Amino acid sequence: MTYDFKQIEPKWQKIWKEQKAFAAVDFSPKKKFYGLIEFPYPSGAGMHVGHIKAYGGMEVITRKRRMEGYNVLFPIGFDAFGLPTENYAIKTGMHPRKVTDANIEKFTSQLSRVGFSFDPDRVVDTTDHNYYKWTQWIFLKMFEKGLVFRDTALVNYCPSCKVVLSNEDSQGGKCDICHSDVVQKSKVVWYLRITKYADRLLTGLDSVDYLPNIRQQQVNWIGKSTGAFVDFSVSNADEKLRIYTTRPDTLFGVTFMVIAPEHPIIDKYRASIHNCDEIDAYRAECAKKTEFERTQLVKEKTGVRIDGLSGINPVTGKEIPIYIADYVMMGYGTGAIMAVPAHDQRDYDFAKKFGIDIVEVIRGGDITKEAYTESGEMINSGFLNGYTDKQTSIKKMIEYLTEKGIGEEGVQYKMKDWAFNRQRYWGEPIPIIHCPTCGMVPVPYDELPLLLPDVSNFEPGTDGESPLAKIDLFVNCSCPKCGGAAKRETDTMPQWAGSSWYFLRYIDPDNDNALADKEKLKYWMPVDWYNGGMEHVTRHMIYSRFWHKFLYDIGAVDCEEPYAKRTAQGLILGPDGEKMSKSKGNVVDPNDVVDEYGADVLRTYVMFMGDYTMAAPWNDNSVKGCKRFLDRIWAMQDLIHGTGVTEKLESEFHKTVKKVSSDIEAMKFNTAIAAMMTLVNEIYDNGSLTSDEMGVFVRLLCPFAPHMSEEIWSNLGNKTLCSLAEWPTFDEAKTQASTVTVAVQICGKMKATVEMPAGCDQQTAVSMARANDKVAAALDGKTVIKEIFVQDRIVNFVAK
RNA sequence: GCGGGUAUGGCGGAAUUGGCAGACGCGCUGGUCUUAGGAACCAGUGGGCAACCUUGCAGGUUCGAUCCCUGUUACCCGCACCA
């Protein structure tokens, strides 16, 4: 009887659905487990096998949790706002709503074919107005608390998508969506003040269990540095030029200052500056460069001295030149630096080019060759002379600066405020009204959701205007405050908005009165285990942690950190070892695999491919190996005889239960499956197994290959679902074999193996080892100096 | 440049974290059964005739190193003139 997956798999999927087998129960007295995966963007291409791997890990874990008696919440939804859908709509004239619905349907059907155990009654869609009502609500709460602001800024602008991009979306100077070159453009931009939460986003990492590399990436992204702000007097001007430095200890070595080309002091003191033409020309040149060019062309320092303004070194009293140069950024620190060419390589390069003095203040390097950035004895530094410890010098200098009122300790972050708007149609409308008399007025809460107007033209306006700006009925409104004529904001939110809180909506997806019921939130949160891709570790994870902390501050949620634990899976590469992409034509469609081999084979193979956290190439032949494995399990049903247990096989079962149980927890799915394969081999060697043993086996297999497991489980006479049956337990004593194979070494080289009773002592083991012919021969004529014994492992004779 | 990671048979990968390197699977070789097999099953499979050699490369520590230390090379992923 061959296994007919085409008939059996849909059969069980239907039963699971009818019995609501995977429904999470609010307030169940069982222990709760909230397992989360990153919800997909429903693209027109449908799912690829990478999705199966991304969800497969948590699928196995949550299935095991259910069998262990947990009340499990394992939901899925769709992060459906976004540019690809909108671009497709523009191209075809089809409404993004229709495109999205069709794509979601496609994804849903693919997901159900694979047999994932998502709770079908908690699906969320970020583009549903009942969902984005609450995205807008959170935005308004942030607006209320002063976390939303507008500013003119040079923004990353994609001329092709006609949209403003965040730094995160334009890495490497390329648009994240269409990969064309990004240019700089001055625009009024909405910002969320995420920097206000920078320190809490950093310290919060101490209270969660993230993989070390994930944690490290977030730490780097936040980029905290400590140092000092120092005010430099400017000659010819009643002005203090404030700089930020991490090395206040080197202040005596400051021989010039540099400000960013955009620094406002230039326009303020235009009258005192003699070479405005030269400076303006330089600034114009810088403005032409994109941020990318500016940071990539590291080779040569450029800049212009400001003729007419100079600074005063506050500790030496010496007059020092001020330059503008594009190696200083307006967006970090104060946009002005003190330059210490002797001990900073960038300053050194600049000083060499412009012939500026280089004053050594730390002994230890050769400053005729390059800057010395290590620590050493302080020299030429007044009251700091003689100190050798960097931290002490920094502390002494900060004390001095504070006392004199010319500086203070300071902290800086690399993280910038979050540019929070797009000039696009397919996003959440920003619920703000611009009133000529009242200014920015929030849309009243009872008018939420502010719906996207139903239109048929989604082309963005020229000059990066939102398509919404063309719709008079949407734009023109009355001010909720004074009732006068007013205009609506026409920008929409970026795609990151909806995904910043979706895990909360799963808890109460249909709630009309709140983003989710507080008691339900209290029951389910935090997410116990969140798995996803490394590419979302910085942006999505930091944004959503920020939103969650904000919701905590306003009392909307009860825990400060949303994710108790975070892991990440590795990519599935194409059969050619390259990253899967449509253009390379190496994408594997899960539907094809399900058609040919069935969902269980697909699921098992994807988990077996290799280390879950690492990238691994797809291999069609290896898929067949997993099919063979499952076919052999199916055929094992013919080996069920009531002849009783054999001791050896029983022990193998206990070992396998132990290994599969612990491997799943460690996400070592590949070795868990390998252990089951080994057990199958043992069973065939043994020639038979009992029906109880078969029952244990299919319960172990169930998280990986649930359809076949259910079918065999039912064949064994069970009336309940295997998916909800009790997870097998093991007896530690029975995992240990009565005899062990001990390796015998002479001087660390393996000479023989000897069978011994488990747990035997050194004396017995040594004499048994000596009794071995090969060992005896090798030791003949030698003196044993030392015997090394590791119980049940090794006997090593050190001899000469 | 800084941060993180990886390197093991023909291939994907194991190795209780210092104790028999190569589990498990693929592939390959031979066989059985077949009209046939790209099906199934059985046997073998790191290299070398051997002693021995073998975890990117070179050293070190140790009775013993894939694992720890030092140096080095290659590749991957972040961040990048961050003061």
Side-chain angles (χ1 to χ4, degrees), chain A residues 2 171-172 211-221 223-225 227 243-247 250 257-258 260 292 294-299 301 325-329 331-340 344-347 349-350 412-416 534-535 537-538 570-571 573 577 579 604-605 608-611 613-626 628-629 631-632 635 659 662 668 670-681 684 741-754 785-799:
Chain A
T2 55
Q171 290 179 14
L211 287 180
N213 53 335
I214 293 174
R215 183 202 153 94
Q216 194 57 47
Q217 270 198 34
Q218 294 206 3
V219 169
N220 291 349
W221 189 265
K224 181 178 183 174
S225 82
I243 61 93
Y244 174 73
T245 179
T246 54
R247 298 295 303 274
T250 61
M257 299 177 79
V258 186
F292 178 66
R294 214 168 129 177
T295 56
Q296 280 299 300
L297 300 170
V298 198
K299 308 154 227 160
K301 294 279 181 290
D326 64 1
Y327 83 92
V328 173
M329 305 290 151
Y332 183 78
T334 61
I337 63 157
M338 63 177 215
V340 188
D344 181 287
Q345 193 57 42
R346 292 156 300 169
D347 299 345
D349 295 343
F350 194 86
Q412 280 294 307
Y413 299 93
K414 286 182 192 171
M415 189 166 73
K416 293 177 182 149
M534 281 306 289
E535 69 275 19
V537 156
T538 46
L571 291 174
L573 306 173
K579 199 170 163 176
T604 306
Y605 173 62
F608 181 64
M609 295 176 78
D611 185 328
T613 63
M614 304 231 249
W618 185 268
N619 183 320
D620 281 319
N621 277 325
S622 292
V623 180
K624 287 178 202 157
C626 289
R628 242 170 255 160
F629 166 59
D631 284 346
R632 270 158 69 79
K659 179 148 181 69
S662 61
K668 292 168 76 170
N670 55 334
T671 50
I673 292 168
M676 289 189 280
M677 288 173 167
T678 307
L679 183 57
V680 168
N681 293 341
Y684 274 90
T741 312
V742 172
V744 183
Q745 299 181 336
I746 292 168
C747 295
K749 299 231 181 218
M750 230 278 287
K751 291 292 171 192
T753 57
V754 179
I785 304 163
K786 203 172 166 189
E787 289 161 356
I788 287 151
F789 170 70
V790 180
Q791 196 170 68
D792 296 348
R793 288 279 154 77
I794 206 159
V795 175
N796 186 10
F797 296 103
V798 186

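Labels below follow one simple rule: chain letters A, B, ... track the order of the sequence lines, proteins then strands, and each chain is numbered from 1. All of these numbers come straight from a predicted model, not from anything done at the bench. All values below come from the heavy atoms of this structure, side chains included, with hydrogens, waters and symmetry mates left out.
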Note, M677(A) side chain near V680(A) side chain (heavy atom, < 4.5 Å): no

N or O in side chain of Y332(A) less than 4.0 angstrom from A83(B) OP1/OP2: yes

N/O (side chain, N621(A)) to phosphate O (OP1/OP2, G27(B)) under 4.0 Å: yes

Closest-nucleotide 5' rank along RNA chain B - winner of V790(A) and Y244(A): V790(A)

Position toward the 5' end of RNA chain B (nearest nucleotide), T245(A) or K624(A): K624(A)

Protein-to-nucleotide contact annotation, 5' to 3' order, nucleotides 40-55 of chain B [B base; S sugar-phosphate only; - none; under 4.0 Å, heavy atom]: SS----------SS--

Worked verdict on R247(A) versus V340(A) for side chain to side chain contact (heavy atoms under 4.5 Å, CB included): CA-CA 9 Å; R247(A) 298 295 303 274; V340(A) 188; over 6 Å; no

With a non-hydrogen cut-off below 4.0 angstrom, is [X] in contact with a base, only sugar-phosphate, or nothing?
{"X": "D347(A)", "answer": "nothing"}
{"X": "Q745(A)", "answer": "base"}
{"X": "T246(A)", "answer": "sugar-phosphate"}

Sticking with atom [atom1], work out how far [N] lies from [M], rounded to a whole angstrom.
{"N": "A36(B)", "M": "A15(B)", "atom1": "C1'", "value": "43 Å"}
{"N": "C26(B)", "M": "C77(B)", "atom1": "P", "value": "31 Å"}
{"N": "C67(B)", "M": "G78(B)", "atom1": "P", "value": "29 Å"}
{"N": "U61(B)", "M": "C20(B)", "atom1": "P", "value": "22 Å"}

Polar contact flag, side-chain donor to acceptor under 3.5 angstrom, D349(A)-Q345(A): yes

Polar contact flag, side-chain donor to acceptor under 3.5 angstrom, Y327(A)-D347(A): yes

Closest non-hydrogen atom pair, Y684(A) against A635(A): OH-CB, 3.4 Å

Non-hydrogen atoms of K414(A) and W221(A) that approach each other most closely: CB-O, 4.2 Å

Protein and nucleotides 12-15 of chain B: nitrogen or oxygen contacts under 3.5 angstrom:
| unit_1 | atom_1 | unit_2 | atom_2 | d |
| --- | --- | --- | --- | --- |
| G12(B) | O2' | M609(A) | O | 2.5 |
| G13(B) | OP1 | A615(A) | O | 3.3 |
| G13(B) | O3' | N670(A) | ND2 | 3.4 |
| A14(B) | OP1 | N670(A) | ND2 | 3.1 |
| A15(B) | OP1 | K668(A) | NZ | 2.9 |

Watson-Crick and G-U pairing of RNA chain B written in dot-bracket, each distance under 3.5 angstrom, with | for inter-strand partners: (((((((..(((......[....)))((((((.......))))))((....))..(((((..]....))))))))))))....

